[in-house]
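Presented below is the structure to which this report refers.
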Amino acid sequence: MNIAILLSFCFRCQKTEAEWKVISKEFNDKWNFPNCVGAFDGKHIELQAPIHSGTEYFNYKGFFSIVLFAVVDAHYNFIYASVGCQGRISDGGVFSHTTFRDCLRNNTMHLPPPTPLPGRTDKTPYVFVADDAFPLSKHIMKPYPGIQKKDSKERVFNYRLSRARRVSENAFGIISSVYRILQRPMLLKPEWATLVVLAVLYLHNYLRKSNSKSVYNPVGTFDSECSTTGEINPGHWRQSPSNQALVNIPRTSRRSTDEAQATRKEFADFFASPAGKLSFQQDK
């Protein structure tokens, strides 16, 4: 097995049902978002123009890139990654080129069966949280579009979802501020750049779980939250001039199924219920 295959295997989408339940419990305990098994995002990683590639890697922002799509757990670890998709491919195309999408569609990800949210009766699927760049589906929750009325269930849902998604924003922010190779266009072929990015993710996970964790991510590294007001103290990584090194994939609108919209509404109703609400959420 070569290095590229080995590193890719470290970020596979198949887990056991028990492993997904552990991740879900951590999201609920830490971020008050039950039935959540990951937060994901996608970023463009800038390259020097690859030789003889034409516009294959030329993206909507006007530079050459490969795309990193990754899923992050409640403790800022990468649990799945797909790297190397050409920058010219649309955001929807990026997602559709991943084994992650295939596993979701084919029900081979071994997610636990739908379970009612606390204090509720309707069975709700286990979900991943994402932003507007991804499709709303039975297993992918994204914000309600537009500006929602203050105190509305939709606005509260958007806040609670963004709160859970903070783990992916912080994880991407850390790697872009720590690993300098991500702070400038890579002078590498796309295949080698892909390998380097996978290695960065592997090192991030290794250091997060090693005895060097407090050195790699000292207190204050990540965004922190006041437990009574929900106010955010920005993490140290946001002070780095390189925190824009990874560029977002574009956000677009897509039609969603009635089932997906019903799942989102069930979460919105739960977050507004006595069993699911946070004392400070109405002020957000």
Side-chain angles (χ1 to χ4, degrees), residues 7 10-11 23 26-33 36 38-46 61 63 65-81 83 128-133 143 158-186 193 196-249 251 278-281 283-284:
L7 289 174
C10 294
F11 302 107
I23 295 173
E26 291 170 344
F27 265 100
N28 192 31
D29 292 345
K30 193 173 178 65
W31 303 109
N32 309 106
F33 204 115
C36 178
F40 60 67
D41 205 346
K43 303 288 183 182
H44 285 279
I45 297 171
E46 189 170 359
K61 283 285 191 178
F63 60 86
S65 67
I66 55 175
V67 179
L68 162 61
F69 168 81
V71 185
V72 179
D73 69 14
H75 295 290
Y76 312 101
N77 300 306
F78 292 94
I79 57 176
Y80 172 82
V83 190
F128 297 86
V129 291
D131 66 13
D132 289 330
N158 286 357
Y159 166 67
R160 296 290 292 272
L161 182 137
S162 67
R163 186 171 177 265
R165 277 196 63 250
R166 203 177 299 146
V167 293
S168 60
E169 182 181 1
N170 275 258
F172 277 101
I174 289 298
I175 63 170
S176 69
S177 64
V178 171
Y179 298 96
R180 294 185 179 182
I181 195 166
L182 299 179
Q183 297 174 11
R184 58 185 63 86
M186 287 194 192
V196 167
V197 174
L198 285 170
V200 163
L201 302 186
Y202 181 85
L203 283 171
H204 171 86
N205 281 2
Y206 174 78
L207 292 171
R208 287 280 303 150
K209 298 173 183 178
S210 73
N211 293 333
S212 300
K213 177 180 178 180
S214 61
V215 177
Y216 177 57
N217 296 148
V219 175
T221 295
F222 300 108
D223 294 345
S224 60
E225 180 185 76
C226 176
S227 60
T228 56
T229 66
E231 291 301 313
I232 301 300
N233 295 314
H236 294 162
W237 67 268
R238 294 186 183 275
Q239 301 171 15
S240 170
S242 63
N243 61 13
Q244 297 299 321
L246 304 182
V247 178
N248 292 329
I249 59 177
R251 303 182 180 190
L278 297 176
S279 60
F280 49 79
Q281 66 186 25
D283 299 325
K284 303 304 178 183

Looking at side-chain heavy atoms only, is the closest gap between [X] and [Y] below 4.5 Å?
X	Y	answer
Asn205	Ile79	no
Arg163	Gln281	no
Glu46	Val247	no
Phe27	Val167	yes
Asp131	Asn248	no
Asp41	Glu169	no

With Phe128 via ring-ring contact (aromatic ring centres under 6.0 Å, His included) - residues at least two apart:
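By the ring-ring contact (aromatic ring centres under 6.0 Å, His included) rule, Phe128 matches Trp20, Phe100.
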
Between CG of Asn233 and OG of Ser224, what distance do you get to the nearest 0.5 Å?
4.0 Å

So how far is it from Ile175 CD1 to Trp237 CH2, rounded to the nearest 0.5 Å?
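Answer rounded to 0.5 Å: 11.0 Å.
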
Asn170 side chain to Asp223 main-chain N or O, any donor-acceptor pair under 3.5 Å?
yes

Decide yes or no on side-chain contact (heavy atoms from CB on, under 4.5 Å) for Ile66 and Met186, but give the supporting numbers first.
CA-CA 10 Å; Ile66 55 175; Met186 287 194 192; 5.9 Å; no

[X]: partners by side chain to side chain contact (heavy atoms under 4.5 Å, CB included), with sequence neighbours left out:
X	answer
Thr228	Cys226
His75	Glu26, Lys30, Asp73, Asn77, Arg208
Ser212	Leu207, Ser210

Just wondering, more than 12 heavy atoms not from Asn211 lying within 6.0 Å of its CG?
no

List in chain and number order the residues that pass salt bridge (charged side-chain N to carboxylate O under 4.0 Å, His left out) with Asp29, two or more places apart in sequence or in another chain; answer none if no residue qualifies.
Lys25

Are the aromatic rings of Phe40 and Phe78 close, with centres under 6.0 Å apart?
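No, too far apart.
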
Enumerate the residue pairs fulfilling ring pair (Phe, Tyr, Trp, His ring centres under 6.0 Å) with a member in residues 212-235, sequence neighbours excluded, ordered by first and then second residue.
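Matches after skipping sequence neighbours: Tyr76-Phe222, His204-Tyr216.
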
